[in-house]
Trainee: 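Mind looking over this structure? Questions follow.
Please read these numbers as outputs of a predicted model, since none were measured by experiment. Numbers here simply count residues along the sequence, with the first being 1.
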Amino acid sequence: MKYLYETHLHTVQSSGCGESEGRSYIRKYKEMGFAGIIVTDHFYNGNSAASRHLSWREWVNGFCLGYEETRREGEKQGLDVFFGWEETFDADDYLIYGLDKDWLLAHPEAAHWTRLEQFNEVHRYGGCVVQAHPFRHQYYISTIHLSTGCVDAVEAGNACNTSASHDALALRYAEKLGLPVTAGSDIHNVAQIATGRIFGTYLNKKMETIQDYVKAIRENTLAGIKIAPGRCDFHGNETVSLPVDIRDAGDRSTGRDLWEFLKQ
């Protein structure tokens, strides 16, 4: 038996772009047969709803509101809810799993990490890093940054990408790196569920804690992804209209050409 999880979800309480309260998701995900969801609101350098004028403790308390309300409702309705976050650098985003609120309260330096520091420190404390929607094209993105050495996995399927080719390229990129792939809805509004644009990641075992997800990623034992048919199919005619910055294990720009890099 496989267990399906939402790995990329935002709440109005903690993400500036969130539109639905966390509790409103629970019944819908249960009806779709999900075993659980991971709340990944936007972190300090992304579109967080919590004011940066607050003290660190106050900011963390505000940042965690969406997850905490969602978890309480999940406990009432019988759906597991786990904690993560989505951090942003130069418009490139990373999903962090495996660290908790108490850890955040004790580590204000997390707000000022580089990509490399993020990867090393998250690993140091037993978590993992997944690059979210690496080929996304949006008005606020001027360059695609591919962090080849500072991630444990790649989000190949993202239901909010505007083009399926972006997901196809993400899968090709993950395969080139030999990394596991995840999928998530990147949901901001419960109304998205009615459109059918809901993706997820399968595990072979039911998660008891978020560490079960971290272990499956770091040991590359995920059981597959739920995406729209053909979503990640690579045809060779995919297009990228933005500059691409391929970075090395030390998070330095390499100047490599994307299409040469992606060759089999």
Trainee: So do the side chains of Glu6 and Tyr29 get within less than 4.5 Å of each other, counting heavy atoms only?
Mentor: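 Yes, side chains in contact.
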Trainee: Less than 4.5 Å apart, any side-chain heavy atom of His42 and any of Cys17?
Mentor: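 Yes - at least one pair of side-chain heavy atoms lies under 4.5 Å apart.
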Trainee: Are Arg27 and Glu31 within salt-bridge range, i.e. N to O under 4.0 Å?
Mentor: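 A salt bridge links Arg27 with Glu31.
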Trainee: Does one side chain, of Glu58 or Ser55, offer a donor that lies under 3.5 Å from an acceptor on the other?
Mentor: yes
Trainee: Any donor-acceptor pair under 3.5 Å linking the side-chain atoms of Gln118 with those of Glu87?
Mentor: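 Note: Glu87 and Gln118 side chains miss the donor-acceptor criterion.
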Trainee: Measuring from atom CZ of Phe135 to atom CG of Asn158, what distance do you get when rounded to the nearest 0.5 angstrom?
Mentor: 13.5 Å
Trainee: Looking at side-chain heavy atoms only, is the closest gap between Asp90 and Arg115 below 4.5 Å?
Mentor: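 Side chain of Asp90 against side chain of Arg115, heavy atoms only: contact under 4.5 Å found.
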Trainee: Please check: side-chain N/O of Thr7 versus main-chain N/O of Ala183, any donor-acceptor pairing under 3.5 Å?
Mentor: yes
Trainee: Could you check, using the six-membered ring where one of them is a Trp, whether Phe199 and His8 have ring centers closer than 6.0 angstrom?
Mentor: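 Aromatic pair excluded; centres sit 6.0 Å or further apart.
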Trainee: Under a 3.5 Å threshold, yes or no: a donor from one side chain and an acceptor from the other, between Asp152 and His123?
Mentor: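 Side-chain D/A pair, Asp152 to His123: present.
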Trainee: Could you go through the side chain to side chain contact (heavy atoms under 4.5 Å, CB included) check for Tyr97 and Val130 one step at a time?
Mentor: CA-CA 8 Å; Tyr97 306 102; Val130 178; 3.8 Å; yes
Trainee: Please examine the side chains of Thr221 and Leu203, heavy atoms only from C-beta on, and report whether any two atoms are closer than 4.5 Å.
Mentor: no
Trainee: Let's go through Phe83 and Ile210 carefully: what are the C-alpha distance in whole Å and the side-chain angles of both, what is the deciding distance for side chain to side chain contact (heavy atoms under 4.5 Å, CB included) to 0.1 Å, and is it a yes or a no?
Mentor: CA-CA 7 Å; Phe83 179 64; Ile210 192 62; over 6 Å; no
Trainee: Going from NZ on Lys30 to CG on Asp80, what distance comes out if it is rounded to the nearest 0.5 angstrom?
Mentor: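 One finds 10.0 Å between NZ of Lys30 and CG of Asp80.
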Trainee: Kindly determine whether Glu69 and Gln13 satisfy side-chain hydrogen bond (donor to acceptor under 3.5 Å, both in side chains), including the steps that lead there.
Mentor: CA-CA 9 Å; Glu69 179 187 280; Gln13 295 97 322; 2.6 Å; yes
Trainee: Tell me whether the count of non-hydrogen atoms from other residues, nucleotides or ligands lying under 6.0 Å of NZ in Lys226 goes above 12.
Mentor: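 Yes - once you tally the heavy atoms of other residues, nucleotides and ligands closer than 6.0 Å, there are more than 12.
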Trainee: Against Asp93, only a single residue in Asn47, Thr88, Thr40 fulfils side chain to side chain donor-acceptor pair (under 3.5 Å); can you say which?
Mentor: Thr88
Trainee: If you look at every heavy atom in Cys232 and Ala156, which pair is closest and at what distance?
Mentor: SG-O, 3.6 Å
Trainee: Is any NZ, NE, NH1 or NH2 atom of the basic residue among Arg124 and Glu121 found under 4.0 Å from an Asp or Glu carboxylate oxygen of the other?
Mentor: yes
Trainee: Measure from the ring center of Phe63 to the ring center of Trp56 and say whether it is less than 6.0 Å.
Mentor: no
Trainee: Distance from Tyr125 atom OH to Leu99 atom CG, nearest 0.5 Å?
Mentor: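 Tyr125 atom OH to Leu99 atom CG measures 9.5 Å (nearest 0.5 Å).
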Trainee: Mind checking whether Leu9 and Tyr25 have side chains closer than 4.5 Å, heavy atoms only?
Mentor: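 A side-chain contact exists here, since the closest heavy-atom pair is under 4.5 Å.
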Trainee: Is there side-chain contact between Val244 and Leu146, with heavy atoms separated by less than 4.5 Å?
Mentor: yes
Trainee: Do the ring centers of Phe89 and Tyr94 come within less than 6.0 Å of each other?
Mentor: yes
Trainee: So among Ile246, Val181, Thr148, which one has a side chain to side chain contact (heavy atoms under 4.5 Å, CB included) with Tyr173?
Mentor: Thr148
Trainee: Would Glu260 and Lys263 count as a salt bridge (charged side-chain N to carboxylate O under 4.0 Å, His left out) if you check the C-alpha gap in whole Å, the side-chain angles of each, and the deciding distance to 0.1 Å?
Mentor: CA-CA 5 Å; Glu260 287 296 318; Lys263 278 185 179 178; 3.0 Å; yes
Trainee: Transitively linked via ILVMFWY side-chain contacts under 4.5 Å: Tyr213 with Tyr67?
Mentor: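 No, because Tyr213 and Tyr67 fall into different hydrophobic clusters, even though each may have its own neighbours under 4.5 Å.
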Trainee: Does the pair Glu68/Lys101 count as a salt bridge with the N-to-O cut at 4.0 Å?
Mentor: yes
Trainee: Is there a donor in the side chain of Asp245 and an acceptor in the side chain of Thr143, or the other way round, less than 3.5 Å apart?
Mentor: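 No.
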Trainee: Mind checking whether Val190 and Lys28 have side chains closer than 4.5 Å, heavy atoms only?
Mentor: yes
Trainee: Could you give the distance from OG (Ser48) to NE2 (His10), rounded to the nearest 0.5 Å?
Mentor: 11.0 Å
Trainee: Please walk me through it: do Tyr3 and Met207 pass side chain to side chain contact (heavy atoms under 4.5 Å, CB included)?
Mentor: CA-CA 8 Å; Tyr3 299 86; Met207 288 169 55; over 6 Å; no
Trainee: Might you work through the side-chain hydrogen bond (donor to acceptor under 3.5 Å, both in side chains) test for Asp41 and Thr11, ending with a clear yes or no?
Mentor: CA-CA 7 Å; Asp41 280 308; Thr11 71; 3.0 Å; yes
Trainee: Around atom NZ of Lys206, are there more than 12 heavy atoms of other residues, nucleotides or ligands at under 6.0 Å?
Mentor: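 More than 12 within 6.0 Å, yes.
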Trainee: Given salt bridge (charged side-chain N to carboxylate O under 4.0 Å, His left out), test Arg136 with Asp92 step by step and report yes or no.
Mentor: CA-CA 9 Å; Arg136 172 163 290 176; Asp92 48 315; over 6 Å; no
Trainee: Do Gln131 and Ser147 pair up side chain to side chain, a donor and an acceptor below 3.5 Å, judged on atom types alone?
Mentor: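 No - no donor-acceptor pair under 3.5 Å links their side chains.
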Trainee: Nearest 0.5 angstrom please: Ile144 CD1 to Leu242 CG, how far?
Mentor: 5.0 Å
Trainee: When rounded to the nearest 0.5 angstrom, what is the spacing between CD1 in Ile198 and CE in Met32?
Mentor: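 Rounded to the nearest 0.5 Å, the CD1-CE separation comes out at 5.0 Å.
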Trainee: Taking the six-membered ring for Trp, are His133 and His166 ring centroids under 6.0 Å apart?
Mentor: no
Trainee: Taking the side chain as C-beta and beyond, is there a heavy-atom pair between Ser20 and Val12 under 4.5 Å?
Mentor: no
